[in-house]
Amino acid sequence: MRQLNILELFLDCITEPNERLIEFGIGGICNSCVDPANASVITQCGGIPLVVQCLSSPVRNTVNYALGALYYLCNPSTKKEILRPDVLRVIGDYATVGAVNSSFNNLANTFLDKHVNP
């Protein structure tokens, strides 16, 4: 996958104005970044700001994928870029939505439990 530059293709999709392409791209990033080698490529290619911008998408799947991707992308070398006050505010808001959207709530709380309040 890395040899075919698929990760870069996923990142390119996130920059498109089409919400379906953004959803496809962030979904691919989310599924790929579980592998630390892929996460490293995504980070080196400037993927963290692209993932963060997906947190404000009107498409629920896009937000879910972004929360999941940030969970795996956050590590000692990326924490400074991810754990910014503006990002934590958005994730904190998702952590409090509860019954409105349980997947946002669960993913956001899991992120906060692992990376902010261990």
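Remember, it's a predicted structure, so these values are computed and weren't measured experimentally.
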Not counting sequence neighbours, list each pair that qualifies as a ring pair (Phe, Tyr, Trp, His ring centres under 6.0 Å) and has a residue in residues 34-79.
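Every pair satisfying ring pair (Phe, Tyr, Trp, His ring centres under 6.0 Å) with a residue in residues 34-79: Y71-H115.
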Atom [atom1] of [X] and atom [atom2] of [Y]: how far apart are they, to the nearest 0.5 Å?
| X | Y | atom1 | atom2 | answer |
| --- | --- | --- | --- | --- |
| L11 | I42 | CG | CD1 | 6.0 Å |
| N31 | F10 | CG | CZ | 8.0 Å |
| T62 | L67 | OG1 | CG | 11.0 Å |
| S103 | N64 | OG | CG | 3.5 Å |

Measure across [X] and [Y] and return the closest heavy-atom pair with its distance rounded to 0.1 Å.
| X | Y | answer |
| --- | --- | --- |
| A95 | N109 | O-ND2, 3.2 Å |
| D12 | T15 | O-OG1, 2.6 Å |
| N106 | T110 | O-OG1, 2.7 Å |
| I26 | I14 | N-CG1, 3.8 Å |
| G28 | S32 | O-OG, 2.7 Å |
| A39 | C33 | CB-O, 3.6 Å |

Can you sort out the partners of D113 under side-chain contact (heavy atoms from CB on, under 4.5 Å), two or more places apart, ordered by chain and number?
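If we apply the side-chain contact (heavy atoms from CB on, under 4.5 Å) test to D113, skipping adjacent residues, there are no hits.
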I'd like to know if the side chain of S40 and the backbone of P36 have a donor-acceptor N/O pair within less than 3.5 Å.
no
Verify same cluster id: [X], [Y] (apolar side-chain graph, 4.5 Å):
| X | Y | answer |
| --- | --- | --- |
| V59 | V51 | no |
| L9 | V34 | no |
| L21 | L7 | no |
| I22 | L50 | no |

Kindly state each residue pair satisfying side-chain hydrogen bond (donor to acceptor under 3.5 Å, both in side chains) with at least one member in residues 16-28, sequence neighbours excluded.
E19-S57, R20-E23, E23-N61
Got [X] and [Y] here, is their nearest side-chain heavy-atom distance under 4.5 Å?
| X | Y | result |
| --- | --- | --- |
| Y94 | N105 | no |
| L70 | L55 | yes |
| F111 | I82 | yes |
| L88 | L112 | yes |

Output, in order, the C-alpha distance, side-chain angles, deciding distance and verdict of side chain to side chain contact (heavy atoms under 4.5 Å, CB included) for S56 and V90.
CA-CA 8 Å; S56 61; V90 172; over 6 Å; no
Checking V63 against R60 for the side chain to side chain contact (heavy atoms under 4.5 Å, CB included) test, could you report, in this order, the C-alpha distance in whole Å, the side-chain angles of both residues, the deciding distance, and whether it holds?
CA-CA 5 Å; V63 175; R60 287 182 179 210; 5.8 Å; no
